[in-house]
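Here is the structure we will look at.
What's counted below: heavy atoms across the whole structure, side chains too, no hydrogens, waters or symmetry copies.
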2 protein chains.
Amino acid sequence: MFSKATEYALRATIYIAQKSSIENKLSLDDVATGIGSPRAFTAKIMQILSKDNKLVSSTRGPNGGFYISDKAKEQPIIAILKCMNERDIIDKCVLGLKKCSEKEPCPLHFQYKTIKADLLGLFELKSIQQLANEIEDGNATISN
Amino acid sequence: MFSKATEYALRATIYIAQKSSIENKLSLDDVATGIGSPRAFTAKIMQILSKDNKLVSSTRGPNGGFYISDKAKEQPIIAILKCMNERDIIDKCVLGLKKCSEKEPCPLHFQYKTIKADLLGLFELKSIQQLANEIEDGNATISN
DNA sequence: TGTATTAAGGACAAAGTTATCTTTTATTAT
DNA sequence: ATAATAAAAGATAACTTTGTCCTTAATACA
């Protein structure tokens with residue numbers, strides 16, 4: 001479905017939400033180890049996620065690292081997709097038709113439409129915090 | 001969702017199903033033009049699809065080209081995914097976790113599971129013929 | 001002030017996907 | 001047989017994604 005970069009981004013963000021706080025930041029190594037992703041590549045993804053401290057926050061130097069504000073934790077996980085520029089994967093025509101629409105539908109359009117709506121609903125409904133809680137409560141895992 | 005190769009494969013197969021018959025084959029150019037795909041790349045995809053004449057059939061020489069047997073037209077479109085080796089994209093964990101399962105679920109597992117089931121249902125239920133009919137009846141298009 | 005720590009940023013490498021081009025092979029018709 | 005036609009097959013190129021490494025910048029603390 002999504003690129004590896006976006007998969008790592010989703011995992012990293014949820015992981016940081018669960019493990020970190022402003023007084024207990026996570027290092028890049030913590031994150032990469034925690035979600036089972038390649039360290040250097042994860043660094044690149046963290047740069048995107050923490051650009052302008054919009055979604056994930058970061059500070060450099062001793063005791064620096066990554067964390068997520070309580071405010072940011074309330075955001076739906078689609079915010080992560082937007083940040084990774086993969087938001088519109090969900091809208092795309094299954095057959096890859098540029099013009100596919102209600103007026104000029106591909107032969108799967110109307111059935112696939114409801115699936116896309118469900119998918120979008122899931123990503124808009126679930127917050128970062130909620131998914132972090134699932135892990136915190138032992139009901140889910142994010143390690144690879 | 002799928003690779004460009006698989007998008008072209010789906011479009012090409014449906015297109016051939018609609019336009020061709022054993023006595024009226026389609027040339028590579030017909031197919032590539034019909035679905036709006038790059039000719040040479042489409043040739044490669046047609047090689048995969050018509051390998052062993054399993055899904056799509058092909059013959060060389062004058063009056064040669066591609067067609068689909070009535071029998072093959074009855075196959076569900078998931079057969080195209082299988083042929084392109086992308087069948088398991090549907091099963092994959094959204095977060096890319098290798099171990100994600102009922103016992104060790106990712107935090108989206110149970111919600112995403114129903115979406116995957118819907119998607120699989122769609123691909124297993126719809127036959128190549130059915131989608132070709134949608135186009136034939138003017139209810140859908142496959143041109144780009 | 002200097003040193004250690006940690007992320008940011010840039011350059012680059014490897015691998016995979018998409019795409020093209022050329023040659024070969026099979027088939028048909030003359 | 002020969003010529004024409006059309007797909008198969010192979011080589012290669014362009015581009016994208018994934019991944020690594022090295023240097024720079026920011027921060028904390030002694």
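Contact of the B:Leu49 side chain with the B:Met84 side chain is registered, since non-hydrogen atoms from C-beta on lie closer than 4.5 Å.
Salt bridge annotation for A:Glu134-A:Lys126: absent, with no cationic side-chain nitrogen under 4.0 angstrom from a carboxylate oxygen. Note on A:Lys116 versus A:Asp91: no salt bridge recorded, every NZ/NE/NH1/NH2 to OD/OE distance being 4.0 Å or above.
Remark: B:Thr59 is not in phosphate contact with D:dA7, judged by side-chain N or O atoms under 4.0 Å from OP1 or OP2. For the OP1/OP2 pair of C:dA29 and a distance below 4.0 Å, the side-chain nitrogens and oxygens of B:Asn63 include at least one atom meeting the criterion. Between B:Tyr8 and C:dT18 there is no side-chain N or O to OP1 or OP2 distance below 4.0 Å.
Residue contacts for B:Leu26: at a heavy-atom cut-off of 4.0 Å it reaches the sugar-phosphate backbone alone, with no base atom in range.
Rounded to whole Å, atom P of C:dA19 lies 11 Å from atom CD1 of B:Ile35. The OH atom of A:Tyr67 sits 14 Å away from the C1' atom of C:dT6 (whole-angstrom rounding). The separation between A:Phe41 atom CZ and C:dG9 atom P is 17 Å, rounded to whole Å. Per the geometry, CE belonging to A:Met84 stands 12 Å off C1' belonging to D:dT18, to the nearest Å. What separates CD of B:Glu86 from C1' of C:dT17 is a distance of 11 Å, to the nearest Å. We find that CG of A:Asn24 is positioned 13 Å from P of C:dT6, with the value rounded to whole Å. Computed from coordinates, the A:Leu28 CG to D:dG19 P distance equals 14 Å when rounded to whole Å. Atom NZ of A:Lys25 is separated from atom C1' of C:dA8 by 16 Å (rounded to the nearest Å).
No close placement of the A:Tyr112 and B:Phe2 rings is indicated, their centers lying 6.0 Å or farther apart.
Map B:Gly61 and A:Pro38 each onto its nearest nucleotide of DNA chain D; the residue landing nearer the 5' end is B:Gly61. The nearest heavy atom of DNA chain D to B:Asp29 and to A:Ala5 marks one nucleotide each, and the one closer to the 5' end goes with B:Asp29.
Scanning atom types as modelled, one donor and one acceptor separated by under 3.5 angstrom connect the side chain of A:Lys44 and the base of C:dG10. The base of D:dA8 lies outside donor-acceptor range of the side chain of B:Arg60, with no N or O pair under 3.5 Å. Side chain B:Gln47 to base D:dA9: a donor-acceptor pair is found below 3.5 Å.
Note that CG of B:Leu55 is 9.0 Å distant from OG of B:Ser50, once rounded to the nearest 0.5 Å.
Among the nucleotides C:dT18, C:dC21, D:dG19, the one closest to any side-chain atom of B:Lys4 is C:dT18. Between D:dT20, D:dA8, C:dA19, one nucleotide has an atom nearer to the side chain of B:Phe66 than all others, and that is D:dA8. Nearest nucleotide to the B:Ser58 side chain, out of D:dA8, D:dC29, C:dA11: D:dA8. Taking only side-chain atoms of B:Pro62, from C-beta outward, the nucleotide of D:dA4, D:dT20, D:dA28 with the closest atom is D:dA4.
Between B:Glu102 and B:His109, the side chains place a donor N or O and an acceptor N or O closer than 3.5 Å (distance only, hydrogens not considered).
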